[in-house]
Each structure stands twice: as structure tokens, then as C-alpha cells.
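To start, the structure itself, in C-alpha cells.
By convention in this document, chain letters (A, B, ...) are assigned in the order of the sequence lines, proteins followed by strands, and residues within each chain are numbered from 1. Predicted model, so just to flag it, every value in this text is computed and none were measured.
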Amino acid sequence: MLRTHTCGELRTEHIGQEVTLCGWVDSNRDHGRGLFIDLRDRYGITQVMVAPAAGDEQLDLARRLRSEDVVKVTGHVAARPEGTANPKLATGAIELRCTQLQLLNRSKTPPFTPGQQDLPAEDLRLKHRYLDLRREPMQRTLVLRSRIIKAMRDYFEEHNFIDVETPILGRSTPEGARDYLVPSRVHRGSFYALPQSPQLYKQIMMVAGYDRYVQVARCFRDEDLRADRQPEFTQLDLEMSFIDADDIMGMIDGLMARLAKQFLDIELKLPLPRISYDEAMTRFGHDAPDLRFGMEIVDCSDLATQCDFRAFRESVEAGGKLRGINAKGAADKYSRRVIDELTEYVKHDFGAKGLAWFRVEADGKLWSPIAKNFSESWLETLGRRMSAEPGDLMLFVSDRWEITCKSLHGLRKRLGAELRLYDPKQMHFSWVVEFPMFEFDQEENRWNAMHHPFTSPRDADFPKLETEPGSCRAKAYDLVINGYEAGGGTIRIHDSVNQQRVFNLLGIDEVQAKERFGFLLDALQYGAPPHGGIALGIDRVVMLFGGLDNIRDCIAFPKTQKAADMMTEAPGPVDAKQLRELSLRISQ
RNA sequence: GGGGGCGUAGCUCAAUUGGUUAGAGUACUGGACUGUCGAUCCAGUGGUUGCGGGUUCGAGUCCCGUCGCCCUCGCCA
């Protein structure tokens, strides 16, 4: 060990001891006769004083030190003179009086320093990630991440789970997200796929009798990125046998309670609240609603048919909906110009035909550019339906169901943040359950699995699989934290007959099924226990627990929006020789 | 693939309606200074205004194209 202590460790009780510290030069204050160096490592900062007594050579060396040079300092710990203690530093009561200074490594002038006040542009941070990771907030997040993962592993170990690693090089299954492919050298023309999740392997583990499986699993999906989505991400993946959906949710409830207690000092009330998918869509327009605030969606479709305003009437008569939200007290906070922006937003981003709005005047009457299209009594009814009070701003979308959901969810999210309807530090955990089994694909005129094709319907829905697929609900559950999908899982179909029924409905015939998931279907015929599981997005959990607004800050080496690594410049070209070995040729 | 935002000194930013030699803070270099901690003071270096084209007497500013980063729609079973 080159050092006896870290830079965050020394206190008054160490006064008089001779110690050696190693670290980076955070700053260097030269006073001529003597100088001060703030020495930093990931544990903290300790002030080093280099006095003339250390000798000219040492003083000269100290004077030449610059930001991010790496040094080793030996000296004795001393109390700072009265009045010069620094309460901002944990080590601020003492300083290290240098007797021996050694430059371990010189740093080039860094493009930015870890302590600088204005955060540099993110691309620069990503390019010099080793500098960015020296920043205290990044270190704090990575430590949080490490501890959360440790807590998860401990929890599942205590509950008798077995941690099993599954292959990274697997087989492509064209369902779902786009695969990252890896060409095989040995099998010319064949490819491995990186796992989108260890889904099939963990089900196989259940058949194999490992009734409690867990893994911190890296997953890969070649889809476009978002603030909360990376092409390469980490899941806490688990699967259990001889359980039902309540058992999985209960297990995760316990985990969340522990994590919330340990890392946020929050006592969660268990069980976590559950709402159905249908209720979530009706009240909030989204399957992962932010439940930290109200501003729920209200359906006014029945009123639309009782008015002469064509935009409302016609969309409802065509099977659409008239739905709205009431932004309490927001009338004077949203100018016409800003409302025009909201209108553009729902039109452009969600394909809404328009946005209708009403302001509630001091006398309780509704004012709107379109108000003249309605009778006074109709407006009164609308106001009552929306619980209108003077000063409120009500926003309505009249359109196809899906468009009203997307638009009003978007508006609710945006207004909720802008109007500060919740404390950003507040955390809300809930479950959304009973998702539809299938979604109808209009373009391809067929049913698609909403989760994955191994999801079990509710027991009562088995008879309706073929006759009313649209009304079948799945044994599926999503964990939602503050409006983010933090995890999701299902109970699986464990017999091959029902599995085949679902495949049939999805248009996967026996030949295709055998080709794609034959090994799973085989396994299901050798005594598969009832089983199910869940996967949590660890990056997102860390993001939410850390109070961060993007997932890149929770990942040591994240990718940019175009899925590139700015530090290593991956992806990059490869040699012609490598391509030849893989029997690949780049087409022009 | 679509929409939007940003791109000026190493870094963070400014630059009036298109108008002088593109500025400030910080960093960096040199000097001064006995207790600082965002040290201070003095002096100095530092610019392909992302890149390419165009309009104009004149472009950081306007137009077209392009590259990069971010947000977002589509996409993400």
C-alpha cells in the first residue's frame, strides 16, 4: 500500500500521527512562502500544507503541481490554526503538514476538472469519461448502484434464490425487439443473438427444478434510445415455481420496502397499491401512470353527443372519445400562446386533431374560443363533470381512444411537472396488473402478444382465448415508480397444449413454433411446474432512487443516442481479414 | 425515418437590426504574495464561430446542405 489513509478519513483524533496520502490534485493555492494543495480521492478531500520547512526542492515541486496530477504525500496530521478550519470539508479541522511529496504521475491539462462548477457538455463528459467519473455526483451514483445491487442479491439469497448465469450468445427469436447479432465463424452464415432478456433460459431453469432463480443480467435491444433507454441495460431477472402472481408481487414488495428503507429512509406501506391496466388507461391514459399527483382524465363522451360542436360530436359518433383533464388553478399560468404550443404538441407528437380548452372565469362560467358553439346549460354540465372552479384550465381531446390516451397522458405529465403538482423527491410505487393478452395489429390484421407469447391468461379467460382474444387479460404485472416502468413480469403458460393455443392465435403454426422455441416446447412436455417471474430495470431503479433524470448518469460507460461509445468510438470498422473469417461482406 | 433544441477560446458563456480588430469568467503561461480553501493581485498566450456551400459591399448572425450531442414521435413482445 502506498498510503496509510484515504483523503476522507483524517480527523482531529489523528493529530500528531505521521500518515501518507495518495490522490489527485484538486486545487493548488500558492502563497509564496508556503502553499496549500487540496488532495482528492473518492473518499474526500484533505488539505495538504507545504511549508518552507519542507525544503526548497519540495516547495518547488509542490508549486509545479497542477490539476489532476497524482501525488503521494507524507507528513503529520496537524490541527489547523484557529479560525482557519474549513467546515465545508469533512476533514476540515485538520491538515497534512507535508514532509515528503512525490509526484506519482503528471496529468495533461484536463479539458474539464471534476470540481468545476459549470458541468461541461455531455459529449465531452462521455469522451473523457475517466474524468467525468471522478466527479462526486457520478461516484455517489455508482456507489448507490453497487449498494442497490448488493442489497438485491442479499435479499434473494435470504429467500433461497440461486444465482444462475445464462448465455450471452444465444439464438435469435424474431419476436419483440430487434436483435443484436453476432456472426459465427464456425457456422458460416449463421448468427448468434445477444439476449433481449434471459426469458427462455429462466423458464428452462424452472423445468429443471431450480424453483427460485435470480440473475443480474445484461440485456440488449437494438432499438432507438431515449433518456430512460439504453441499447445495453441491466435487469434484475428472477423466476419462481409453484407460485402465482401475488407471490411474485409480494416478493418484489418486500424488496422495494427494503430498498426504500435502506436508501431513501422511506417506510413503504405494503402491499403496494395495484390498479388494473384498464383503470390506468381510463384514469391516466397510460399503463405506467405517475401517481404522485391527481389531475385524472375525465370522460365526457356522453356530453359530446348532446352538443352541436362537430369536432366533438363526430369523433364520438365515429367511436372515439371526448376526454379531458382539469389543471386546477392553472388558467392564468397558461397564456394563449402557450396553449397553442400544447395544441401543436398533441397534434404533432400524438396525431391528435386538436386541443379544446376552457378557462373557468371568476363567476364560474367557462370561457373558450369555441365556447359560442355550446349552450350555457351544456357548459354548466361540462363544468360540473370536470369539477370546475374559478381559475381552472380544462384541456380536452376528442379523438380515437388511443389518441386521447396518449395526448392526455402527455399533457398530464407535462403540466404536472410545470405546475409542480408533486415534490420531486416524493416516490410512488405501485403495480399495474391485468394487462390485455393481445393487441390487434390493424395494419397486419392479426393479434400480437402484448408481453410475450409465453404469458398465461387469467384462469377465467382460458375458454375465451379463441372466441374473444381482445377481452382476455394476462397474469401480468408491471412495477411502476413515479411514472416509469421499473419492471414487469408474467405468470407463464406451463403446458404445451395451452401454449400451442396461444401460438395459433398469434399466427405461429407448429412448424414455426418448433423452429423458434422448440427447446422450450420440448421442455414444457417434461414436467414443467407452474411458474412465473419478473425483471426489474436496474438502471432505472438506480436513476429513480438517485433522483436522476437520465439513465446515462447511472451507467459507467453509456452509449449516446446513436448507440455509440464516445470514449472507445465503438462501433468501429473491422479488418477485411476479420470479415473474411466470418464470411461477411459489406454491401454498398 | 419524422419534429424540435444546441454547437463561438481547453471549459462555461456573451456578442444590439447583418456592420470596427469576436469579448468575459475560468483554465493555461510568467510574476508577486505568511494561513488559503471558488485564494488574491499584476501581466500574457489562446479563435477554421462544428464542417461545406450560398446571399451580401460586409455573415458568429440570413439561406441551403452536412456532421455531432440532447429531447421527442415512430420503434422498444
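With sequence neighbours excluded, the residues satisfying side chain to side chain contact (heavy atoms under 4.5 Å, CB included) with A:T343 are A:I339, A:K347, A:L355.
Salt-bridge formation is not detected for the pair A:R473/A:E434: no Lys NZ or Arg NE/NH1/NH2 atom is positioned less than 4.0 Å from an Asp or Glu carboxylate oxygen. Salt bridge status for A:D461 with A:K464: present, with a side-chain N to carboxylate O gap under 4.0 Å. Ion pairing between A:R414 and A:E418 holds under the 4.0 Å rule for side-chain N and carboxylate O. Look at A:R66 and A:D69 and you find no salt bridge, because none of the NZ, NE, NH1 or NH2 atoms lies under 4.0 Å from a carboxylate O. Salt bridge absent: A:R221 and A:E232 never bring a charged side-chain N and a carboxylate O closer than 4.0 Å.
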Kindly give the atom pairs (protein nitrogen or oxygen, nucleotide nitrogen or oxygen) under 3.5 Å for nucleotides 25-30 of chain B.
{"residue": "B:U29", "atom": "OP2", "partner": "A:R66", "partner atom": "NE", "Å": "2.7"}

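Residue side chain A:R80 reaches the base of B:C37 through a donor-acceptor N/O pair under 3.5 Å, judged by distance alone. Remark: the A:Q116 side chain and the B:G38 base include no donor-acceptor N/O pair separated by less than 3.5 Å. One cannot find a donor-acceptor pair under 3.5 Å joining the base of B:G3 and the side-chain atoms of A:D349. Between the side chain of A:D123 and the base of B:C70, no donor-acceptor pair under 3.5 Å is found. You won't find any donor-acceptor pair under 3.5 Å spanning the side chain of A:R221 and the base of B:C76, going by distance alone.
Residue-level contact check: A:P120 touches the backbone only, with heavy atoms under 4.0 Å from sugar-phosphate atoms and none from bases. Backbone-only contact: A:S27 has heavy atoms under 4.0 Å from sugar-phosphate atoms and none from a base. Nucleic acid contact for A:Q47: base, since at least one base atom lies under 4.0 Å from a heavy atom of the residue. Note on A:N448: nothing from the nucleic acid sits closer than 4.0 angstrom, heavy atoms only. Note on A:E439: nothing from the nucleic acid sits closer than 4.0 angstrom, heavy atoms only. Residue contacts shown for A:A85 include a base, since a base heavy atom lies under 4.0 Å away. Among the atoms of the strands shown, none is found under 4.0 Å from any heavy atom of A:L35. Among the protein residues, A:D222 comes within range of no part of the nucleic acid, since none of its heavy atoms lies under 4.0 Å from any strand. A:I45 comes within contact range of no nucleotide atom at all, as no heavy-atom separation falls under 4.0 Å.
When the nucleotides B:C75, B:C37, B:G10 are ranked by their closest atom to the side chain of A:D224, B:C75 comes out on top. Comparing B:G35, B:U72, B:A39 by their closest approach to the side chain of A:P81 singles out B:G35. Side chain of A:D30, nearest nucleotide from B:G74, B:G10, B:C33: B:C33.
Note: CD (A:E223) to P (B:G1) measures 14 Å, nearest angstrom. Across the protein-nucleic acid pair, A:Q230 atom CD and B:C70 atom C1' stand 13 Å apart, rounded to whole Å. Between A:L59 atom CG and B:C33 atom C1' the separation is 13 Å, expressed in whole Å.
Taking only side-chain nitrogens and oxygens, A:H31 never comes nearer than 4.0 Å to OP1 or OP2 of B:C33. A close approach under 4.0 Å does occur between a side-chain nitrogen or oxygen of A:K88 and OP1 or OP2 of B:G38. The phosphate of B:C71 (OP1 or OP2) has a side-chain N or O of A:R552 nearer than 4.0 angstrom. Distances shown here put a side-chain N or O of A:R226 below 4.0 Å from the OP1 or OP2 atom of B:C73.
Comparing A:S197 and A:L89 by the nucleotide of RNA chain B whose heavy atom lies nearest to each, the residue mapping closer to the 5' end is A:L89.
Base pairing of B:U8: no nucleotide in any strand meets the Watson-Crick or G-U wobble criterion (both distances under 3.5 Å).
Taking the centre of each ring, A:Y477 and A:F435 stay at or above the 6.0 Å mark. Aromatic rings from A:F517 and A:F454 are positioned such that their centres are separated by under 6.0 Å.
Between the CZ atom of A:F112 and the CD atom of A:E68 there is a distance of 9.5 Å, given to the nearest 0.5 Å.
If you check the side chains of A:S398 and A:S315, you find a donor sitting under 3.5 Å from an acceptor. Defined by atom type and a distance below 3.5 Å, a donor-acceptor pair is missing between the side-chain atoms of A:H286 and A:R412.
Residue ring and nucleobase are not stacked for A:F112 and B:C11 under a centre distance beneath 5.5 angstrom and an angle between planes beneath 30°.
Within residues 559-573 of chain A, the residues that place at least one heavy atom under 4.0 Å from RNA chain B are, in residue-number order, A:T560, A:Q561, A:K562, A:M566.
On the P atoms, B:G7 is 12 Å away from B:U61, given to the nearest whole Å.
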